[in-house]
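Accompanying notes for the structure given below.
Reckoned from all heavy atoms, side chains included, excluding hydrogens, waters and symmetry mates.
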2 protein chains.
Amino acid sequence: MNSFNPDALKLENQLCFPLYAASKEVVRKYRPYLDALDLTYTQYIAMMVLWEEKSINVKALGARLFLDSGTLTPMLKSMEAKGLITRTRSKADERVVVATITQKGEELKKAAKAVPLKMAGCISLNSEEALQLYTLLYKILE
Amino acid sequence: MNSFNPDALKLENQLCFPLYAASKEVVRKYRPYLDALDLTYTQYIAMMVLWEEKSINVKALGARLFLDSGTLTPMLKSMEAKGLITRTRSKADERVVVATITQKGEELKKAAKAVPLKMAGCISLNSEEALQLYTLLYKILE
DNA sequence: TATATTTAAATTGTGCACAATTTAATTTTA
DNA sequence: TAAAATTAAATTGTGCACAATTTAAATATA
């Protein structure tokens, strides 16, 4: 085949573009709620992992969040500076840095509990559509 | 109601997170194809608008791409430096800056034509799922 | 028609994101 | 077990992304 769809390069025919735009819009809508917690969006998803795991090394956190050390190292340092986590080298393997949630980090969870419900109200999908979207997105990620 | 779902703050229960992660992964997959065209992803979606419209002002472009002048001004300057567009002040309204595609910008379309098909091969959705995802994402954007 | 308001870009400043490289520790293997 | 290869974080450098402010032009209104 040697001809191409002439509309293939139209913005409205891209799947990537609404994905890119919707992602940014949703993160933007989080901002006022997260500002109140003094968290950025990236810090918020890192805190979700830490509220669940209590302790995790940089590589494993990166695998969960699809982020590398270039993004995580400065972010974790800033979270440490705010007292939300501690960063310690693993005794068993000095290459590994472990982030551990602090009491202050645990306590932030109380204030964060209201965020998901507030956000749900900002997204114009019903629960069936949300589940459908969730499933399709994870299909891309796997 | 005064109790909350205890799992509401788990990463795996968020819709925002796969949206955020999938968007980044898809943009990352574009990189090798766009590097070959000397375009960033943001420049690529701007070029899609310009291939279609030939000429557009910054505000209208921002409305199409969900981007503001803080992002567009430096990006359009860099596209101008590469010879893909010209930037001119509107005669009718000196506040308005119009980006217009050049011959070189038009010619880049030939090389770009293969990109959408290559990208489609990178996304693990069939055409029905892709349409479903497209529809859900635009529901969020409206 | 002066003055106030609104509007469009540009500028400034902060924080991601990520590729590429570096550093240091650990593991392999010759 | 010494050298090579691998691995985990950190570092470096570039380019978004966006809030907030500034500048300059156009429009509204007193």
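Side-chain polar atoms of B/E129 and B/S124 form no donor-acceptor pair below 3.5 angstrom. With hydrogens and angles left out, the side-chain atoms of B/Q103 and B/E107 include a donor and acceptor closer than 3.5 Å.
At a threshold of 4.5 Å between non-hydrogen side-chain atoms, the residues A/V97 and A/T88 do not count as touching. By the 4.5 Å heavy-atom criterion applied to side chains, A/Q14 and A/L19 are not counted as neighbours.
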What pairs of donor and acceptor atoms, side-chain ones from residues 48-66 of chain B against any protein atom, are under 3.5 angstrom apart with sequence neighbours left out?
from  : atom 1 : to     : atom 2 : distance (Å)
B/W51 : NE1    : B/G105 : O      : 2.9
B/E53 : OE2    : B/R64  : NH1    : 3.0
B/K54 : NZ     : B/W51  : O      : 2.9
B/K54 : NZ     : B/E106 : OE1    : 3.4
B/K54 : NZ     : B/E106 : OE2    : 3.2
B/S55 : OG     : B/T100 : OG1    : 2.8
B/N57 : OD1    : B/K59  : N      : 3.0
B/N57 : OD1    : B/A60  : N      : 2.8

Protein heavy-atom contacts under 4.0 Å, written 5' to 3' over nucleotides 7-20 of chain C as B (base), S (sugar-phosphate only) or - (none), form the string BSBBB---SSBBB-
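Of all the residues in residues 44-55 of chain B, not one reaches under 4.0 Å from DNA chain C with any non-hydrogen atom.
A salt bridge is absent between B/K77 and B/E80: the closest approach of a Lys/Arg side-chain nitrogen to an acidic carboxylate oxygen does not fall below 4.0 angstrom. Ion pairing between a basic and an acidic side chain is recognised when a charged N comes within 4.0 Å of a carboxylate O; B/R89 and B/E94 show no such pairing.
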